[in-house]
Every structure is written in C-alpha cells, then in structure tokens.
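Working notes for the structure below.
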Amino acid sequence: MTARVAVVGEALVDLLWRTGSREARAVPGGSPANVAVGLHRLERPVTLLTSWGDDPPGALVAEHLAGTGVDVVRLPTGGPARTTVALAYLARDGSAHYDFLTSWAPSALDLPEDTAVVHTGSLAVAVEPGASRVLQLAAAQRASGRLVVADLNVRPAVLPDRTAYRALAERLAGEVRVLKASDEDLAWLYPDLAVGEAAETLRALGPELVVVTRGAEGAFGLTAADRVDVPAPAVAVVDTVGAGDAFQSALLDDLAARGAVPTDPAVLAGVLARCARCAALTCAREGADPPTRALLDGDGTDTAAPDGTRGTETADRG
C-alpha cells in the first residue's frame with residue numbers, strides 16, 4: 001500500500017446547468033482531481049499536482065482540495081493564472097456537453113521522490129502551454145522506469161480540430177505504458193474505425209495495455225496478445241457523473257500495488273472487473289462520489305471516506 005501515485009492535471013470549477021433549470025451551480029472538480037480523490041478513498045498514497053488562479057473559482061477549488069485529505073502541490077505558473085471553468089450542460093439522462101474557459105500553464109513539474117506511478121490526461125494533455133510540458137514529463141518518466149498512465153478523456157470543446165486531437169492522442173500513446181479511453185473518445189477520434197480497431201491503432205503506438213470503457217456495456221483491455229472483456233455490474237443508476245474517474249482510480253490503485261502492467265488474461269479480467277465495480281458504485285450515488293476501499297473490496301457496506309467528505313459533481317461518462 002506504500003507505492004505513491006502522482007496525478008498531474010487540472011482542478012477546475014464546473015458550472016452545472018441541468019436541463020429545465022433556470023440557474024447553473026458551481027462545483028469544484030476536474031477529472032485528475034477526481035481521480036486523486038478516488039485514490040485517496042482507496043487508501044492509496046497520492047499527490048495531486050495542479051494549479052488554479054487567484055480568483056473566485058480558484059478560491060472554491062482551494063477550499064475543496066483542502067477538505068479532501070489529498071496531498072496537493074500547487075504548481076507554479078509562468079505568470080498570472082486564472083482558474084479553468086467548465087460549463088457543463090447536463091441532460092436528463094445524466095450525460096453532459098461542455099464548453100471550457102481554460103488555463104493550464106505549469107512552469108515546473110517536480111514529482112515526489114517516492115512516486116511509483118504517474119497519471120495524467122484530460123485537459124492537461126490538450127491545453128497549451130501545459131500540454132507540451134506534461135507530454136515531456138511523461139516521456140522522461142517512462143524512460144526513467146516509472147509506470148506512466150493516461151486517460152484520454154477527450155474534450156472536443158477544447159480542441160475541435162479532430163486531426164490535431166488525434167495527433168495529440170497518438171503522441172500520448174507513445175509516451176505511456178497504460179492508456180485508457182472511453183468508446184465515445186475513440187468514436188470521436190476515429191469516426192471511420194470500429195472501437196476495437198481504434199484501440200488497436202493506439203496500442204500499436206506503444207502502450208502495453210489499452211483499456212476502453214463502454215458505459216453499460218462494460219469495458220475491455222487490449223494487449224499485444226489478447227482482448228479481455230468484462231461486463232458492467234448491474235446497478236440502479238443515479239447518474240454517471242465521475243464514473244470514468246472512479247474506474248481510473250481503481251486501475252491506478254492496482255497498478256501501484258503490483259508495480260507492473262497486468263497482461264495475463266485471467267489477471268487482467270480480475271483487475272478490470274474491480275474497476276468496473278468501482279465505476280458502478282459511483283453511478284449508484286449522486287455526483288462524483290467514489291467508493292472507499294472498504295465498500296469496493298468488502299461486503300458492499302459503505303463506510304465514511306478517509307477524508308470524511310463526499311465527492312464533487314463533475315460529469316464524466318468515460
């Protein structure tokens with residue numbers, strides 16, 4: 001349980017606008033921040049390296065992160081920074097569409113010395129100038145022997161140019177050992193390919209494992225030798241907010257525990273089944289509220305999170 005995961009990426013404020021509502025609601029979140037909270041709930045040592053501005057949304061982010069129990073490093077920036085704000089339009093089925101006001105410009109990315117696994121993705125690999133620095137970090141960390149993992153979490157509203165985004169995704173695939181994407185991510189990046197073909201295209205660029213989440217259809221893992229499919233557990237869905245981040249937290253927790261990428265089909269099936277359960281438990285609760293280790297690995301009885309908090313409501317299907 002001592003191997004640390006370093007999560008590099010954005011913390012932001014979502015302005016959630018639900019269908020039929022007259023007002024938006026501001027809640028702090030961001031995919032990397034949610035992943036870090038999920039890891040903390042699973043009792044995995046984790047450090048979140050992120051940034052925010054000295055503005056009202058930044059004050060909300062700072063207050064939220066201070067209450068999560070997660071070890072947080074506020075990254076220096078090259079100048080005045082604003083806090084990223086996402087306008088999330090929430091449909092009645094819980095899905096979301098986004099517009100973003102982004103800021104991601106870390107000037108230094110120094111990881112804790114005891115880091116075993118490095119995770120990034122989402123806006124952190126799509127918004128410049130920070131994206132290029134994160135990709136350089138990923139390449140250097142993989143070369144140093146650390147296990148580097150990424151979640152594409154494609155946001156077309158940030159980079160609408162499909163060709164440019166696909167090139168970014170393919171570069172990222174070449175710098176990591178494990179890459180996760182949703183079926184929606186791959187369908188947008190590769191509209192002319194089946195999801196499995198798109199996953200194989202990315203796997204051929206360097207990852208030892210590509211994991212694809214498919215919502216209610218479950219998930220599959222793709223290695224050089226095998227494809228392993230697992231179903232999604234049956235659950236009464238409250239919403240899908242934060243499900244992909246919860247899945248990723250469980251995946252990172254396993255990678256940190258074993259210190260290697262699972263490629264044996266039987267082992268990989270067990271890992272992915274646990275990740276799918278983690279996502280399902282989150283879908284059964286309102287907002288991005290990932291389970292504790294006791295709930296995920298125990299008898300299904302919930303206990304208080306180690307930080308004593310509830311999750312934030314950041315919409316994320318994948």
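Nothing fancy with the numbering, it's 1 onward along the sequence.
Annotation: the span from Lys180 atom NZ to Asn153 atom CG amounts to 6.5 Å, rounded to 0.5 Å. Taking CG from Leu222 and CG from Leu209, the interatomic distance works out to 8.0 Å, rounded to the nearest 0.5 Å. The line from CG of Leu123 to CD of Glu10 is 4.0 Å long, rounded to the nearest 0.5 Å. Distance check, rounded to the nearest 0.5 Å: CG of Leu193 to CD of Glu200 gives 11.0 Å. With rounding to the nearest 0.5 Å, the separation of CZ in Arg293 from CG in Leu39 is 9.5 Å. A distance of 4.5 Å separates SG of Cys275 from CZ of Phe247, quoted to the nearest 0.5 Å.
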- request: Please assess Leu202 against Leu186 for the test side-chain contact (heavy atoms from CB on, under 4.5 Å), listing each intermediate value before the final yes or no.
  value: CA-CA 10 Å; Leu202 291 172; Leu186 297 180; 3.6 Å; yes
query: Checking side-chain contact (heavy atoms from CB on, under 4.5 Å) for the pair Arg285/Leu281: CA distance, chi angles, key distance, verdict?
result: CA-CA 7 Å; Arg285 310 190 316 183; Leu281 288 169; 5.9 Å; no
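Nearest heavy-atom pair across Leu12 and Ala86 is CD1-CB, 4.4 Å. When all heavy atoms of Val46 and Ala36 are compared, the closest pair comes out as CG1-O, 3.7 Å. The minimum heavy-atom distance between Leu111 and Ala6, with the atom names listed, is CD2-CB, 4.1 Å. Of all heavy-atom pairs spanning Leu49 and Trp104, the tightest one is O-CH2, 4.3 Å. Across every non-hydrogen atom of Ala169 and Leu189, the tightest pair is CB-CD1, 3.9 Å. Contact detail for Ala276 and Pro231: the closest heavy-atom pair is CB-O, 3.9 Å.
Residues Asp289 and Arg41 are paired through a salt bridge, judged by an N-O separation under 4.0 Å between the basic side chain and the carboxylate. With salt bridges taken as basic N to acidic carboxylate O contacts below 4.0 Å, none links Asp183 and Arg214.
Inter-residue side-chain proximity for Leu65 and Val70 is flagged as unmet; no heavy-atom pair is nearer than 4.5 Å. For the pair Thr83/Ser103, no side-chain contact is recorded, criterion being any heavy-atom separation below 4.5 Å from C-beta on. Looking only at side-chain heavy atoms (C-beta outward), Pro191 and Arg162 come within less than 4.5 Å of each other. Between His119 and Leu255, the closest side-chain pair of non-hydrogen atoms is not below 4.5 Å. Using a 4.5 Å heavy-atom cutoff, the side chains of Val8 and Leu109 are in contact. Side-chain contact between Phe100 and Leu159 is absent, with no heavy-atom pair separated by less than 4.5 Å. Side-chain atoms of Leu252 and Arg44, non-hydrogen and from C-beta on, never get closer than 4.5 Å to each other. Side-chain contact between Val13 and Val61: present, with at least one pair of heavy atoms (C-beta onward) separated by less than 4.5 Å.
For residues 165-179, the set of pairs meeting the side chain to side chain donor-acceptor pair (under 3.5 Å) definition, not counting sequence neighbours, comprises Glu170-Tyr190, Arg177-Glu208. Within the structure, every pair that satisfies the side chain to side chain donor-acceptor pair (under 3.5 Å) test and touches residues 136-147, not counting sequence neighbours, is listed here: Gln141-Arg146. Among pairs with a residue in residues 106-116, those fulfilling side chain to side chain donor-acceptor pair (under 3.5 Å) read Arg4-Asp114, at least two apart in sequence or across chains.
Of the possible donor and acceptor atoms, one in the side chain of Ser21 sits under 3.5 Å from a partner among the backbone N and O of Glu23. Within the 3.5 Å criterion, the main-chain N or O of Val228 finds no donor-acceptor partner in the side chain of Asp226. With hydrogens and angles ignored, the 3.5 Å screen pairs no side-chain donor or acceptor of Arg82 with any backbone N or O of Asp55. Here the side chain of Thr50 pairs a donor or acceptor atom with the backbone of Ala11 at under 3.5 angstrom. Side chain of Arg277 to backbone of Leu296: a donor-acceptor contact under 3.5 angstrom is found.
Side-chain polar atoms of Asp185 and Ser182 form a donor-acceptor pair below 3.5 angstrom.
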